[in-house]
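What follows is a short report on a single structure.
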Protein chains: 2
Amino acid sequence: MTSPPSTRDRLLDAFSELLVAAGSRGATLDAVAASAGVSKGGLLYHFGTKDALVDGLLERFRRMAGEDARDMRTAPAGATEYYLRTSVIQQGDPLSRTAVAVLHLAQGGDPRAADAFTAATEEWRTAIEEEVGDRVLSRVVQLVGDGLWAGSSIGVAPDDLDDVVAGVAAVLAAARAPRHAGPPA
Amino acid sequence: MTSPPSTRDRLLDAFSELLVAAGSRGATLDAVAASAGVSKGGLLYHFGTKDALVDGLLERFRRMAGEDARDMRTAPAGATEYYLRTSVIQQGDPLSRTAVAVLHLAQGGDPRAADAFTAATEEWRTAIEEEVGDRVLSRVVQLVGDGLWAGSSIGVAPDDLDDVVAGVAAVLAAARAPRHAGPPA
DNA sequence: GTCTATAACTTGATAGAC
DNA sequence: GTCTATCAAGTTATAGAC
């Protein structure tokens, strides 16, 4: 049974949605409070400062990212495909929304957000490396996912996600079963 | 001989630097004017509104991106390697700085910036496709570059760029020579 | 072409009522 | 736990001097 979200949770939801939609510039306390359906005073009861609101979102992100890294390892389609598909913002997917929100905070110059994002990224890459068995290949897969993300973060939804997923899979298969393609110089 | 930059150019330089360093939140008219060494009134003589300042930067970005797409096609190392290496922000590289500045504007919700960025991205991808000869592979290469960018945009400099470039090259070679040996032309 | 002064509005935060 | 009223600082923009 899912109980209705607390005001605190609704405020964090609104904050992340505004960050995704309008960047750190548009995610003001006024806008967050209005979007969550409370007054600014109501917001400031739960989060005394804007920094506290950021901390609340980062804490939620760390928890969700940790759970996601576990999900990757048990995903039926495999960690790589799971990662690429969840790198595109899905309507209503809480993790990808939260991750892009944190990315925007990091790009706004917040070092706590940059640290949290870097740490999560390394967790995900590790899960990919366990599957593909090679560090550099895991980096390439991850960078493809990050690229999908960067597009999502400006509202560009790829129209060829299936092609990309299939292309990466084909490329990984080719790289792991080398015939005589010749090593790079 | 390079003539000293005009006040107009110095203002656009300062605007893009501030966008990269602090996001759209920190790039205020006050900060831009101070960073360029003029008063706010001086700034507003050249760009009557903040929107005009954004337009000036987007115009500069479109010009630089067009020149870069031409440079890619004649790069000695090839378009792919050129693109990946220039996807990492270099200290003092005007294009990568400008591109990240535009990315931040797009993430702040400016549709003109998102359009300009999308158009440039498609130009670059086309140049890559001309080299690798396959649309999906060109997308994969480009997404790796975008991923490097996303990292750069939050101040994370990759410590394994050479590995990634070599890894992509190896993976492309494997994908393009699945049946027999032979270096690409 | 650049400056100072200032107006109009927004933003983050406080105080206190209910 | 939530609201309204209020404030100081910051932000965009205008007006006019030099």
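Predicted model only: the values in this text are computed from it and were never measured. Side chains are part of it too, since the values below use all heavy atoms of this structure and drop only hydrogens, waters and symmetry mates. Below, read A as the first sequence line, B as the second, and so on, with proteins coming before strands; counting in each chain starts at 1.
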Between [N] ([atom2]) and [X] ([atom1]): distance, integer Å:
X: B:Asp51; N: D:dT11; atom1: CG; atom2: P; answer: 18 Å
X: B:Leu53; N: D:dT11; atom1: CG; atom2: C1'; answer: 14 Å
X: A:Leu43; N: C:dT14; atom1: CG; atom2: C1'; answer: 14 Å
X: A:Phe47; N: C:dT11; atom1: CZ; atom2: P; answer: 20 Å
X: A:Asp30; N: D:dG10; atom1: CG; atom2: P; answer: 18 Å

With a 4.0 Å cutoff (strictly under), does any side-chain N or O of [X] reach OP1 or OP2 of [N]?
X: A:Arg10; N: D:dT2; answer: no
X: A:Tyr45; N: D:dG1; answer: yes
X: A:Thr7; N: D:dG1; answer: no
X: B:Arg25; N: C:dG12; answer: yes

Would you mind telling me which of [options] lies closest to the side-chain atoms of [X]?
X: A:Lys50; options: C:dG12, C:dT2, D:dT12; answer: C:dG12
X: B:Ser39; options: C:dC3, D:dT2, C:dT2; answer: C:dC3
X: A:Thr49; options: C:dG12, C:dA13, D:dT12; answer: C:dA13
X: A:Lys40; options: C:dT2, C:dA13, C:dT11; answer: C:dA13
X: B:Leu44; options: D:dA13, D:dT12, C:dA13; answer: D:dA13
X: A:Leu29; options: C:dG12, D:dT11, D:dG1; answer: C:dG12

For [X] and [Y], test the side chains for any donor-to-acceptor distance below 3.5 angstrom and give the result as yes or no.
X: A:Asp115; Y: A:Thr118; answer: no
X: B:Tyr83; Y: B:Asp146; answer: yes
X: B:Thr7; Y: B:Arg10; answer: yes

Salt-bridge contact A:Asp163-B:Arg139 (side-chain N to carboxylate O under 4.0 Å):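 A salt bridge is absent here (no side-chain N lies under 4.0 Å from a carboxylate O).
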Tell me whether B:Asp134 contacts the main-chain N or O of B:Leu137 through its side chain, where contact means a donor paired with an acceptor under 3.5 Å.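 Yes, the answer is positive, given that a donor and an acceptor are paired below the 3.5 Å cut-off.
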Under 4.0 Å between any heavy atoms, over every strand shown, what does B:Arg8 touch: base, sugar-phosphate, or nothing? Just pick one. nothing
